[in-house]
Amino acid sequence: MSDIVSIIQARQRSLLMQWVHNPLVQVIVESPSALQHIQYLDINKSEAKMARVGRRSDSSCIMVRGGNNRDSTWSVWVAAGYKDYRNAYRSFIQAAYGLSVAKEDLSGYDVDHLLNKARAPHSTDLVRIEAIPSMANQKWGSTFEKASSDPRFTANTVRQRRTMSWMICAKLAGQLPPSGPEDLSGIERLVKFFGHHGINSQEARIGIDSMIRTAYKFRS
């Protein structure tokens with residue numbers, strides 16, 4: 001296993017377990033200054049330090065540093081309208097871990113926004129990015145994320161702060177999405193996944209079912 005894959009998988013596990021213990025893990029904020037005030041689960045706010053990523057403007061890309069456990073206390077955020085986010089992630093890995101990463105080193109992974117950038121009310125809102133297994137990321141993008149980004153959802157035009165969700169966690173971990181509210185086997189597959197991480201099955205079932213039904217509300 002390559003060094004970058006080990007880092008990606010360690011970050012996935014860490015972020016998932018943070019969410020399991022406390023679901024208030026932010027994935028979008030309205031500005032760089034807001035990153036200084038949101039709740040960080042493994043560090044105190046006073047320990048969170050903002051830093052530029054290379055020569056990029058902090059309004060386009062910024063990283064949060066704090067503590068020695070970089071898998072859980074370092075993160076990178078990009079403006080929803082910023083196009084160079086894939087290279088920004090590689091620069092973040094270089095800054096955080098001292099590892100130079102070429103594009104081909106990320107084979108099998110997509111660098112992407114944890115929350116679909118189409119759901120950001122403004123192009124300047126900052127969305128957290130991570131490396132996500134490609135097959136899962138693309139499946140989520142063409143199904144659940146496409147449905148939940150419908151402009152008729154009022155929240156997509158006003159909510160500048162959002163936390164991790166059942167679906168974001170599943171995508172991050174490489175789980176495939178249910179095809180819709182009627183895909184009971186797909187929903188149960190995710191319920192079992194969360195059960196393996198210590199979450200009550202009924203709680204997971206209700207949460208996943210609610211999100212699926214809401215996302216597909218405007219499906220024709």
Side-chain angles (χ1 to χ4, degrees), residues 1-19 25-32 34-35 38 40-43 48-120 123-141 145 162-165 167-175:
M1 183 183 298
S2 69
D3 291 341
I4 182 57
V5 171
S6 296
I7 288 171
I8 289 170
Q9 293 181 351
R11 293 184 63 81
Q12 289 172 341
R13 290 191 298 269
S14 178
L15 189 50
L16 176 58
M17 293 315 298
Q18 286 183 61
W19 181 83
V25 179
Q26 297 280 348
V27 292
I28 181 173
V29 296
E30 67 274 20
S31 66
L35 285 172
I38 66 174
Y40 296 101
L41 302 184
D42 286 359
I43 54 175
K49 307 299 181 184
M50 309 301 125
R52 292 174 63 178
V53 181
R55 297 185 178 183
R56 295 170 177 84
S57 164
D58 60 9
S59 62
S60 297
C61 179
I62 191 168
M63 63 178 172
V64 179
R65 304 182 304 185
N68 294 322
N69 186 351
R70 300 180 184 198
D71 298 336
S72 63
T73 62
W74 289 50
S75 56
V76 59
W77 305 68
V78 298
Y82 183 60
K83 298 185 182 302
D84 196 34
Y85 57 90
R86 295 176 181 87
N87 286 330
Y89 178 81
R90 292 165 54 208
S91 295
F92 164 71
I93 294 296
Q94 172 73 57
Y97 297 91
L99 179 67
S100 180
V101 180
K103 290 182 180 179
E104 54 268 25
D105 295 331
L106 291 169
S107 176
Y109 289 90
D110 292 343
V111 174
D112 207 357
H113 309 80
L114 288 183
L115 179 77
N116 185 6
K117 64 181 181 180
R119 300 179 68 187
S123 63
T124 54
D125 293 335
L126 294 174
V127 187
R128 183 169 175 173
I129 58 174
E130 291 288 348
I132 301 166
S134 297
M135 181 180 294
N137 188 55
Q138 292 162 23
K139 286 287 188 181
W140 282 98
E145 290 185 342
R162 294 175 186 260
T163 57
M164 290 222 357
S165 66
M167 303 315 190
I168 290 174
C169 286
K171 179 180 77 168
L172 180 69
Q175 296 294 306

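Taking the side chain as every heavy atom from C-beta outward, Leu114 and Ile132 approach each other to under 4.5 Å. By the 4.5 Å heavy-atom criterion applied to side chains, Arg162 and Arg119 are counted as neighbours. Between Tyr109 and Val5, some side-chain heavy-atom pair lies under the 4.5 Å cut-off. Arg56 places a side-chain heavy atom less than 4.5 Å from the side chain of Asp84. Counting only heavy atoms from C-beta outward, the side chains of Arg128 and Ile28 never approach each other to under 4.5 Å. Here the side chains of Lys171 and Lys139 are not in contact, with every heavy-atom distance at 4.5 Å or above. Looking at Leu106 and Arg90, their side chains come closer than 4.5 Å, going by heavy atoms from C-beta outward. Looking at Lys103 and Asn87, their side chains come closer than 4.5 Å, going by heavy atoms from C-beta outward.
The distance from atom CG of Asp112 to atom OG of Ser134, rounded to the nearest 0.5 Å, is 9.5 Å. One distance of note links CZ of Phe92 with OG of Ser75; it measures 6.5 Å at 0.5 Å rounding. Taken to the nearest 0.5 Å, the SG atom of Cys61 stands 10.5 Å off from the CZ atom of Arg52. With values rounded to the nearest 0.5 angstrom, Leu115 atom CG is found 10.0 Å from Thr163 atom OG1. Between atom CZ of residue Arg13 and atom OG of residue Ser72 there is a gap of 12.0 Å, rounded to the nearest 0.5 Å. Here Asp105 contributes atom CG and Ile93 contributes atom CD1; the two are 11.0 Å apart, rounded to the nearest 0.5 Å.
Nearest heavy atom pair, residue Ala120 against residue Asp125, reads C-OD2, 4.0 Å. For the pair Ser100 and Gln94, the tightest heavy-atom approach, listed with the atom from each and the gap, is CA-OE1, 3.2 Å. For the pair Ala51 and Ile62, the tightest heavy-atom approach, listed with the atom from each and the gap, is O-CG1, 3.3 Å. Here the closest heavy-atom approach between residue Leu172 and residue Ala131 is recorded as CD1-O, 4.4 Å. Heavy atoms only, all atoms of each residue included: Pro32 and Ser59 are closest at CG-CA, 4.2 Å. Taking each heavy atom of Gln26 and Trp77 in turn, the nearest pair found is O-CH2, 3.4 Å.
The main-chain N or O of Gln175 is found under 3.5 Å from a side-chain atom of Trp140 such that the two form a donor-acceptor pair. Without hydrogens or angle criteria, Gln12 side chain to Ala173 main chain gives no donor-acceptor distance under 3.5 Å. For the pair Arg70 (side chain) and Ala96 (backbone), a donor-acceptor distance under 3.5 Å is present.
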message: Quick one, Met50 with Leu35, criterion side chain to side chain contact (heavy atoms under 4.5 Å, CB included). Give me CA distance, side-chain angles, the key distance, then yes/no.
response: CA-CA 8 Å; Met50 309 301 125; Leu35 285 172; 3.7 Å; yes
task: Take Leu126 and Glu30 through the test side chain to side chain contact (heavy atoms under 4.5 Å, CB included) and record every step on the way to the result.
output: CA-CA 6 Å; Leu126 294 174; Glu30 67 274 20; over 6 Å; no
Criterion side-chain hydrogen bond (donor to acceptor under 3.5 Å, both in side chains) on Asp71 and Tyr97, from CA distance to verdict: CA-CA 9 Å; Asp71 298 336; Tyr97 297 91; 2.7 Å; yes
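The one candidate from Ser165, Cys169, Ser14 that meets the side-chain contact (heavy atoms from CB on, under 4.5 Å) condition with Trp19 is Cys169.
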